Amino acid sequence: MAHIPVNHPARTLYRIFSGLVGLYIFVFGVYGVVVTWGEPLFARSSTWVLGLRTNLAFALVSVVFGAVLVIGASRRTNLGHYMNLTAGVVFMVTGLAMMSVLQTSANFLNFSMSTVVVSLLFGLLLLATGLYDKIGTAEHAEAERQRRNHPVADSR
């Protein structure tokens, strides 16, 4: 069974980090929609917003994704925990997939190498926040601490 700490003392800080990532993505998306409005959805133009290359499709996806991350970070349930884990994987996979098609016509989200790097960094940050922001009852947290503090030989 995987060990994910319950009620980690720094979980509020991790939620703030994931909220800031979501806010950046949301602002990037809104600004990207404003800048790219009127262009084709999957344009391959040289449109840069907040240091990242974008097109209308990527900007629209960013608005939705950013809003979802901000909502997940603002809730005091495990919804944010699962959303951060999922979003971290999505960002990592998207970054790697877009890097593999960077100089081809399959680059439909108009990624640049800087966009790939930011996507991978956001993916790592969201994975880290997802690992440490799980909330549970005091009994569940104590059971996790007890299991973690005992040697493997004692658990058998």
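Owing to the predicted nature of the structure, the values given are computational and were not obtained by experimental measurement. Just the heavy atoms: all of them, side chains too, but no hydrogens, waters or symmetry mates, feed the values below.
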Would you say the side-chain atoms of [X] pair up with the backbone N or O of [Y], donor to acceptor, closer than 3.5 Å?
X      : Y      : answer
Arg44  : Asn110 : no
Ser119 : Phe91  : yes
Thr104 : Val101 : yes

Between [X] and [Y], is there shared hydrophobic-cluster membership here, with clusters defined by ILVMFWY side-chain heavy atoms closer than 4.5 Å?
X      : Y      : answer
Leu126 : Val117 : yes
Leu121 : Val93  : yes
Leu125 : Leu131 : yes
Phe122 : Val68  : no
Val61  : Val34  : no

Check [X] against [Y] and note the closest heavy-atom contact, atom names and distance.
X      : Y      : answer
Ala73  : Ser18  : CB-OG, 3.6 Å
Thr54  : Gly32  : CG2-CA, 4.5 Å
Val33  : Ala59  : N-CB, 3.5 Å
Leu102 : Asn107 : O-ND2, 3.2 Å
Arg15  : His81  : NH2-N, 4.0 Å
Pro40  : Leu56  : O-CB, 4.2 Å

Verify the ring-centre separation between Phe108 and Phe58: is it less than 6.0 angstrom? no
Are the ring centres of Phe26 and Phe65 closer than 6.0 Å? no
Over 12 non-hydrogen atoms of neighbours within 6.0 angstrom of CZ in Phe17: no
Can you confirm whether more than 12 heavy atoms, excluding those of Tyr24, are under 6.0 Å from its OH atom? yes
Taking the side chain as every heavy atom from C-beta outward, state whether Leu109 and Met98 have any atom pair closer than 4.5 Å. yes
Starting from the C-alpha separation in whole Å, work towards a yes-or-no answer on side-chain contact (heavy atoms from CB on, under 4.5 Å) for Ser114 and Leu52. CA-CA 6 Å; Ser114 61; Leu52 305 175; 4.3 Å; yes
Spacing of [atom1] belonging to [X] relative to [atom2] belonging to [Y], to within rounding of 0.5 Å:
X      : Y     : atom1 : atom2 : answer
Ser62  : Phe28 : OG    : CZ    : 5.0 Å
Leu120 : Leu96 : CG    : CG    : 5.5 Å
Asn84  : Leu69 : CG    : CG    : 6.5 Å
Phe111 : Thr94 : CZ    : OG1   : 6.5 Å
Ile16  : Ser74 : CD1   : OG    : 12.5 Å

Run Ile25 and Val63 through side-chain contact (heavy atoms from CB on, under 4.5 Å) and show every step you take. CA-CA 7 Å; Ile25 294 167; Val63 168; over 6 Å; no
Dump the intermediate steps for side-chain contact (heavy atoms from CB on, under 4.5 Å) on Glu39 and Ser45, then the final yes or no. CA-CA 9 Å; Glu39 292 182 10; Ser45 62; 3.2 Å; yes
